Enquirer: 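Quick one: the structure is below, and I'll ask about it shortly.
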Amino acid sequence: MIVSIKNVSKRYGKQDVLKNINLEIESGEIFGLLGPSGAGKTTLVRQLVGLETPSEGENYLFGEMMPSLKLIERIGYMAQSDALYTELSAKENLEFFASLFGLKGTHRKKRILEVMQLVDLSEHLNKLVTNYSGGMKRRLSLASALLHEPELLILDEPTVGIDPVLRQSIWSGFYDLKTQGKTLIVTTHVMDEAEKCDRLGLIRDGVLIAVGTPAELKEKTGSASVEEAFLAYGGVQHEN
Amino acid sequence: MRIRALVIRIIRQFLRDKRTLAMMLVAPLLILTMLHLVFNGENYIPKIGLVDVPDPVMEKMDIDDAKITEYESVKAAEEDTLNQAIDGYVVFEGPMLDKIVLEGSDPSVNGAVMKWFQQATKKLLPSQGQLEINVDYIHGSDDMGQFDYFGPVLLGFFAFFFVFLISGISFLRERTSGTLEKLLSSPLRKWEIVIGYVLGFGLFTMLQATLIASYAIYVLGMLMEGSFFYVLLITLMLSMTALTLGTLLSAFANNEFQMIQFIPIIIVPQFFFSGLINLDTISDWLSWLGPVTPLYYAAEALRDIMVRGYGWEAIYGNMLMLAGFSALFMVLNILALRKHRAV
């Protein structure tokens, strides 16, 4: 068990964003958080990286409670916004982020080349980020989260604005990371992407409505696709 | 190591953004030059009408330094005054002075006319004319211009203004672009972020302080009685408070526009309480604001050095206050960052 979310609720004023979430994520799996925008996916993953704290309940990573500075080095986080310094080149951006994690010298250089290769941006290393397209920025942002070889990767909508061919290659990158023993948590609102995850958590209006492998979820609801399964679970909830 | 990475990144960004760099370094020089030209301009020569002046009086009057027009009647002089062709006129009745009439809408012109009049009629009043008073100046001299007195305040003000704005907006951008969250999802400590900003920007503020101070003193010839080193030190300390205040306040702005809105609230009032206007003449219920503004201490210290020629013993109290402000703003900024990451 690498992530354990226990009775977590979050309120902003009177608005309930997360309602009593309980979830456990195993080491070495690709876990997908699926739900429409505004469902609370981002709030949940931000709690896991320590950028927010729950109103009630606790989040445990590697058996320790978040937020903790000690754990941060073991996590790679890619936010929904690209969070890059556009006036700098890709290389300068990566050099900076790598240094924050204590990477230096030839090791840093090597890692920068490796992650740029993975996201297929090697030939744009010295380009200023201002001149990058939206999809390239997204990939560079992903690359920056991989620099320090984290054990747990938390990716908030990693493939938004990326074309299908490239999305395919990025997902094959995710599978590579999985075979290296890394754990990935990916949020998405794209249903076909959800099929690629080992396990899924369906989240809607701050409630975790179902957890299971894509096959399980489809089987239980008698649906042909994850999309139908999601609607089936959501529909049940609606009747209550 | 992490702080060094942050400093290098800030410097790289700054060097890429030539226009902001120019605004920070060149804009204060441009404004100081303009103010220098405005305040140290030519003396105003009043245009004065004389109505019916008897010849013996005219001979005794010193009518240099004014443009004199003679009138036959009060009516003609009045008309010219209303048309602003002359600034005022003097009416005589026989050999005696009757009255002076001023156009009156510009106080500085009124002053110039009255000053001229006193000079011009000195010899008409022999009892006073004989008396020569010897005036000594403890500080400054009789040819000290207005710019020499305002100068130290202006120098501090513009250093403060531009550093505040640029550092504030940079830090704000870090927040709105999401990079601040990225920094906080790395092992970077909150205090390291604040120190990194102080060091990275500090380098450019140091450059700015040197440039402004040497330009004002050596090129514009601002009055300079004390040590240049102290002027530099004060300007730098003031810039530090501007830098730390700017980054702190950016936490309370949601976008660049809201950052600009701090100018009338935070920056402009400081200008009034920095000793540009004598604090004794400001209402009591308002004048307490002076001692809570950093510029107040910097202006006082700059005047002590530049106008009064004092040394370290006169300014160290003010310097301590400035250092205190910076430290306070830095601590508050670290606390403000807790909003983004609790640890």
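Note that the structure is a prediction, hence the values are computed from the model and not measured. Chain identifiers are assigned alphabetically (A, B, ...) following the order of the sequence lines, protein sequences preceding nucleic acid strands; residue numbering begins at 1 within each chain. What you see below is based on every heavy atom in this structure, not just the backbone, and it leaves out hydrogens, waters and symmetry mates.
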Enquirer: For B:Leu6, is it the side chain, the backbone, both, or neither that has a heavy atom closer than 4.5 Å to a heavy atom of chain A?
Expert: both
Enquirer: Taking A:Phe96 as the fixed residue, which of B:Ile8, B:Thr179, B:Ile10, B:Leu183 is the one that meets the side-chain contact (heavy atoms from CB on, under 4.5 Å) rule?
Expert: B:Leu183
Enquirer: Counting only non-hydrogen atoms closer than 4.5 Å, does A:Thr130 touch chain B with its backbone (N, CA, C, O), its side chain (CB onward), both, or neither?
Expert: neither
Enquirer: For B:Phe257, does the CZ atom have more than 12 heavy-atom neighbours from other residues, nucleotides or ligands under 6.0 Å away?
Expert: no
Enquirer: With heavy-atom distances below 4.5 Å as the criterion, would you say the side chains of B:Arg341 and A:Ile72 are in contact?
Expert: yes
Enquirer: When you look at NZ of A:Lys196, are more than 12 heavy atoms from neighbouring residues, nucleotides or ligands closer to it than 6.0 Å?
Expert: yes
Enquirer: Counting heavy-atom pairs under 4.5 Å with chain B, which one of A:His148, A:Met78, A:Arg46 comes out on top?
Expert: A:Arg46
Enquirer: Counting only non-hydrogen atoms closer than 4.5 Å, does B:Arg4 touch chain A with its backbone (N, CA, C, O), its side chain (CB onward), both, or neither?
Expert: neither
Enquirer: On the ring face of A:Tyr77, is B:Lys182 found with NZ or CZ under 6.0 Å from the centre and within 45° of the axis?
Expert: no
Enquirer: With sequence neighbours left out, write down each residue that passes ring pair (Phe, Tyr, Trp, His ring centres under 6.0 Å) with A:His124, or none if nothing qualifies.
Expert: none
Enquirer: I'd like to check A:Ser99 versus B:Arg2 (side-chain heavy atoms, cut-off strictly below 4.5 Å). Are they in contact?
Expert: no
Enquirer: Looking at B:Arg16, B:Gln13, B:Arg9, which one forms a side-chain hydrogen bond (donor to acceptor under 3.5 Å, both in side chains) with A:Tyr85?
Expert: B:Arg9
Enquirer: For a quick test of reading the model, state the closest non-hydrogen atom pair linking B:Ser177 to A:Ser81 and the distance between them.
Expert: O-OG, 3.8 Å
Enquirer: Quick one: of A:Leu71, A:Leu84, A:Leu88, who has the most non-hydrogen atom pairs under 4.5 Å with chain B?
Expert: A:Leu88
Enquirer: If I take atom CG from residue A:Leu100 and atom CD1 from residue B:Ile3, how far apart are they, to the nearest 0.5 angstrom?
Expert: 11.0 Å
Enquirer: Counting only heavy atoms closer than 4.5 Å, note whether A:Leu147 contacts chain B via side chain, backbone, both or neither.
Expert: neither
Enquirer: Given that the side chain runs from C-beta out, which part of B:Glu174 has a heavy atom under 4.5 Å from chain A: side chain, backbone, both or neither?
Expert: side chain
Enquirer: Can you tell which part of A:Glu95 gets under 4.5 Å to a heavy atom of chain B, answering side chain, backbone, both or neither?
Expert: side chain
Enquirer: Among residues 152-170 of chain B, which residues come closer than 4.5 Å to chain A, judged by heavy atom distances?
Expert: none
Enquirer: Please evaluate residues B:Arg12 and A:Glu87 with respect to the criterion salt bridge (charged side-chain N to carboxylate O under 4.0 Å, His left out), reporting the C-alpha separation (whole Å), side-chain torsions for both, the decisive distance (0.1 Å), and the verdict.
Expert: CA-CA 9 Å; B:Arg12 275 176 170 169; A:Glu87 55 275 71; over 6 Å; no
Enquirer: Please classify the contact of A:Thr86 with chain B as side chain, backbone, both or neither, using a heavy-atom distance under 4.5 Å.
Expert: neither
Enquirer: Are more than 12 heavy atoms from other residues, nucleotides or ligands located less than 6.0 Å from atom NZ of B:Lys339?
Expert: yes
Enquirer: Name the member of A:Glu52, A:Glu73, A:Lys104, A:Glu92 that forms the most heavy-atom pairs with chain B at distances under 4.5 Å.
Expert: A:Glu92
Enquirer: Do A:Phe97 and B:Ser186 have side chains that approach each other closer than 4.5 Å (heavy atoms only, starting at C-beta)?
Expert: no
Enquirer: Is it the case that over 12 heavy atoms from other parts of the model lie below 6.0 angstrom from the CD atom of A:Gln117?
Expert: no
Enquirer: In terms of heavy-atom pairs under 4.5 Å, which option from B:Glu192, B:Glu181, B:Arg189 contacts chain A the most?
Expert: B:Glu181
Enquirer: Nearest 0.5 Å, what's the CG-OG distance between A:Leu51 and B:Ser185?
Expert: 6.0 Å
Enquirer: Tell me, side chain or backbone of A:Leu128 under 4.5 Å from chain B's heavy atoms, or both, or neither?
Expert: side chain
Enquirer: With a cut-off of 6.0 Å (strictly less than), are more than 12 heavy atoms of other residues, nucleotides or ligands near CZ of B:Phe229?
Expert: no
